[in-house]
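I have placed the structure first, in the form of structure tokens, so that the comments after it can refer back to it.
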Amino acid sequence: MDFLTSAAHHPSSLLLAVIFATVGSFLTVDLVSRVHRCNSISRLNWLFIVAIICGTSSWATQVLVVQLNGAALVPSALIGSLLANLALTTVGLAVALRRSRSIQPEVGGAIIGFSNIVCFNLLMKVAGLGVELPTSFDGVALAYLACVCMSAGAFSVAVRTDRRSTRVVGSSLLIAMLGTLTHIALPLEVGVVVASGGHDLVIPSVAIIMSAVFATALATYNIEHQSRLDAIEALRNYSVIDSLTGLSNRDALKAHISELIETTDRTTAKVAVMAFNLNRFRLVNDVHGSEAGDHILKTVAGRLQAALGPNEFVARVSGDEFYAVKSGIHRKADAVQFANKMLEIVREPIQWNSAKLDITARIGAALFPNTSERVDDLISQADIAMCRAQTATDDEVIFFDPSVDKAKRDLNALSIDLRKAIDDNEFEIYYQPQHSVTTRQLIGFEALIRWNHPLRGMISPADFIPLAEKTGMIHEIGAWVIRESCLQASRWDETIKVAVNVSANQIMRNDLPEIVHDAIARSGIDPRRLELEITESGIVADERHALAILNRIKGLGCSIAMDDFGTGFSSLSTFKKFPFDKIKIDRAFISDLATSRQSNAIVNATVGVGRPLNIKVLAEGVEDKEQLAILTEIGCDEVQGFFFGRPVPASEADALLRAARLAQQGGTSNVVEFKIGGR
Ligand code: C2E
Ligand code: MG
Ligand code: MG
């Protein structure tokens, strides 16, 4: 009975042999190709797995073929040949998979080919089928050589190429190697059933072993695939999840909104993007420490997450800044309802040690597609609306309104520019002359700041000082004005004073006297030449504190003027309490002095109060001769206004001063002759 006749009698054995050879070869090439590209720790583990698959599958194929030839194999022969094949295959793989540019894969593959020849010959010998070792370069030697070459080729392809064809070409070579070995190298006279009885047990045993090996390989593949997916997912989560709270972060928020923009039918449904900050969060952080702050953030985040319904999403983008998104809404009321739900969750008290922390929030919202169809716009619109919500009287959600919020946006942009202006030194001081009414002589200048904006041109202090006060930048700006004005005054005549405006915020701080002292010391001017102008708002906020600060400044030798008198709430009795040296009557009373009996009466009364208290009175905004005449008649001490000169840059103030000196020497008044245009 020859091999084919035997195979015809045992088709299932032949089929099994083909299956083992094919699956084993494919897995071997696939794994070798993967293992070659992974790191060293996994490489070693994978090497043993490949060795088991490669060694057992080729061994099983050979066993089945030997069986097909009617040989009986005893268990020791089976185990011995298996171990020999496994050992040599492991060595071959270790060589093939060493990282080297030389011919390691080919050498390793050749070792594995050789291992198969050894194993096969061992099996045949044990089975008593006789071994035909080549004595000369005959057909068998050629077949063995072909086997070694095909195995070397298979591993070469697996290691050196990474194409779609790699697995097919590599496994085909291995299959061809096994085919050559088990058929061509088979001694042709074999075909006698040497023994019987083992046949029935060997095939099922080999089938069971191989099923177990392939099942293990499959499970390993699955584990590897799953852990790769898990790693990718973890990596993805890592970049879109806020690590403190576990909520989505800004990237995830943007991705979510842009997906909603893509998928929402804008004709029927809307998407609400809401922004909210936790009020008093910073305070709690300061008072109870950052651990308490983290606890609040985590608790709020957990509660928000737990309360989310379908189509709802929440993210923390930084600090205490949260965003919530609701899609598929049809009426504004749905958005309001969602916002109220968020607000209620935030308002639930949070326990921290023995303290109960009360947190609140204000919510601003933007609606897609109503206000914008762009992700970034929607986020910043919600943000702007939230800023407006902070100043609202009750805590209902505020929706972005383009007309209302434009002014706010402009202001935000301006405050960014203002910060830059400080750093880039975009400010300049203009000086407006002040004159004595009796002598008409120039007695000093008021320092008035200007902002030379690179794009908007010259910006009036009336437009940016309130912003500087609100943002706290006034401290830096104000200190600079004081320093710069004193330096400028040091270049003028000893008799010329400089008046500097000081905001209420500057008085509220304790360091104003030091700033003034420093400016005087640096410039070296007589402190009596520096006058600080403050408005009523500068003293009403905290009278005692303001009084203490003003007294310290007066202690340095400087004088204090009350600016814009008549426009605020203060009464004439203020002058009893505060150490003012001068009252500056607001120009609102000067402009209609000639026509309004009321303004006339107020100016009269002010001069009447100032004189006995030894407080000088200056009239602001004097624009014509008639006003000057009335003020002279009333007995006003000093004047300032366009009639005498507009605010001018320092160089022009110097020129004005030189002209005044000349006029004085010539014995004339310097009022009309030297008017220089300014701002
Ligand atoms: P102020 O201290 O009452 O300054 C007088 C303002 O009246 C100046 O406006 C000046 O240009 C304007 N003015 C003077 N004479 C006339 C006139 O005859 N007619 C009219 N129509 N206006 C006249 P400016 O320079 O725009 O300053 C506005 C306000 O900005 C100042 O009012 C002052 O409160 C504030 N300010 C200016 N510079 C500073 C500063 O360095 N620090 C602080 N905190 N405030 C400043
Ligand atoms: Mg002033
Ligand atoms: Mg004024």
Side-chain angles (χ1 to χ4, degrees), residues 418 421-422 426-435 444-452 458-486 488-489 497-509 512 515-516 519 530-539 559-568 570 580-593 606 617-628 631 638-650 652-653 671 675-679:
L418 193 59
I422 296 174
E426 290 171 7
F427 299 110
E428 187 181 353
I429 300 176
Y430 275 42
Y431 297 90
Q432 185 175 31
Q434 296 178 329
H435 286 255
F445 290 96
E446 176 174 4
L448 294 159
I449 192 170
R450 299 287 180 266
W451 175 9
N452 211 340
M458 205 61 106
I459 301 182
S460 154
D463 293 329
F464 71 86
I465 289 289
L467 184 63
E469 287 170 344
K470 212 170 142 206
T471 54
M473 289 185 243
I474 190 67
H475 298 290
E476 236 173 301
I477 298 172
W480 176 80
V481 175
I482 296 171
R483 272 199 312 273
E484 195 63 24
S485 305
C486 288
Q488 186 58 33
K497 293 183 73 168
V498 65
V500 179
N501 294 282
V502 173
S503 286
N505 309 40
Q506 289 172 269
I507 298 167
M508 284 308 127
R509 288 249 296 242
L512 186 61
I515 291 168
V516 172
L530 176 63
E531 185 162 79
L532 297 188
E533 295 190 5
I534 65 165
T535 55
E536 290 161 76
S537 61
I539 49 175
S559 54
I560 311 280
M562 156 141 287
D563 202 359
D564 303 341
F565 181 71
T567 53
S570 65
F580 289 114
D581 301 282
K582 191 181 281 181
I583 305 169
K584 295 186 76 176
I585 305 175
D586 193 76
R587 67 166 188 271
F589 302 98
I590 311 302
S591 57
D592 59 357
L593 197 56
T606 311
V617 176
L618 181 146
E620 291 190 279
V622 179
E623 291 184 350
D624 56 44
K625 259 187 182 164
E626 195 180 5
Q627 289 164 356
L628 180 61
L631 288 166
E638 295 167 4
V639 276
Q640 173 182 349
F642 293 170
F643 181 67
F644 293 90
R646 288 173 181 265
V648 290
E652 290 182 35
V671 176
K675 264 204 257 170
I676 300 175
R679 287 162 185 271

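Both backbone and side-chain heavy atoms feed into the values below; hydrogens, waters and symmetry mates do not. Whatever order the structure lists ligands and atoms in, that order sets their numbers, starting from 1.
The closest approach between a heavy atom of Glu623 and any atom of ligand 1 is below 4.0 Å. Heavy-atom distances between Ser460 and ligand 1 reach below 4.0 Å in at least one pair. At least one heavy atom of Glu446 lies less than 4.0 angstrom from ligand 1.
At a threshold of 4.5 Å between non-hydrogen side-chain atoms, the residues Asp564 and Ile585 do not count as touching.
Backbone and side-chain nitrogen or oxygen atoms of Arg450 are examined, and one is located within less than 3.5 angstrom of a nitrogen or oxygen of ligand 1. Every N/O-N/O distance between Glu469 and ligand 1 stays at or above 3.5 Å. For the pair Ile465 and ligand 1, the shortest N or O to N or O distance does not fall below 3.5 Å. Polar contact with ligand 1: absent for Pro647 (N/O pair, distance under 3.5 Å).
Looking only at distances, a side-chain donor or acceptor of Ser591 sits under 3.5 Å from a matching main-chain atom of Ala588. Here the side chain of Asp586 pairs no donor or acceptor atom with the backbone of Gly566 at under 3.5 angstrom. In this structure a side-chain-to-backbone donor-acceptor pair under 3.5 Å is present from Gln627 to Glu623. In terms of modelled atom types and a separation under 3.5 Å, the side chain of Gln432 and the main chain of Gly645 share a donor-acceptor contact. Within the 3.5 Å criterion, the main-chain N or O of Ile534 finds no donor-acceptor partner in the side chain of Asn501.
With a 4.0 Å cut-off on non-hydrogen atoms, Gln432 touches ligand 1 through its side chain and not its backbone. By the criterion of a heavy-atom distance under 4.0 Å, the side chain of Glu620, and not its backbone, is placed next to ligand 1. Contacts between Asp564 and ligand 1 below 4.0 angstrom, taking non-hydrogen atoms only, involve the side chain exclusively. By the criterion of a heavy-atom distance under 4.0 Å, the side chain of Asp563, and not its backbone, is placed next to ligand 1.
Rounded to the nearest 10 degrees, the angle OD1 (Asn501) to the Mg ion (ligand 2) to OE2 (Glu446) equals 90°.
Checking Val481, Ile429, Ile590, Ile534 against atom 41 (O) of ligand 1, the nearest heavy atom belongs to Val481.
If you number the atoms of ligand 1 from 1 as listed, the ones under 4.0 Å from a heavy atom of Pro461 come out as 24 (P), 25 (O), 26 (O), 27 (O), 28 (C), 30 (O), 36 (N), 37 (C). Interface atoms of ligand 1 facing Gly621, defined by a heavy-atom separation under 4.0 Å, are 16 (C), 17 (C), 18 (O). When each atom of ligand 1 is checked for a heavy atom of Gly641 under 4.0 Å away, the hits are 15 (N), 18 (O).
Closest heavy-atom contact between Val648 and Ala653: CG2-N, 3.7 Å.
Look at Glu533 and Lys582 and you find no salt bridge, because none of the NZ, NE, NH1 or NH2 atoms lies under 4.0 Å from a carboxylate O. Between Glu531 and Lys497, at least one side-chain nitrogen of the basic residue sits less than 4.0 Å from a carboxylate oxygen of the acidic one, meeting the salt-bridge criterion.
Distances from the Mg ion (ligand 2) show that Asp563 has an N/O/S atom below 2.8 Å. Taking 2.8 Å as the criterion, Asp586 does not count as a coordinating residue of the Mg ion (ligand 3), since none of its N, O or S atoms falls below it.
Asp564 has its closest N, O or S atom to the Mg ion (ligand 3) at the position named OD1. Within Glu533, the N, O or S atom lying nearest to the Mg ion (ligand 2) carries the name OE1.
Heavy atoms from other residues, nucleotides or ligands lying under 6.0 Å from CD of Glu626 number 12 at most.
In this structure, the ring of Phe464 has its center less than 6.0 angstrom from the ring center of Phe427.
For the residue pair Glu638/Gln434, the side-chain donor-acceptor check at 3.5 Å is not satisfied.
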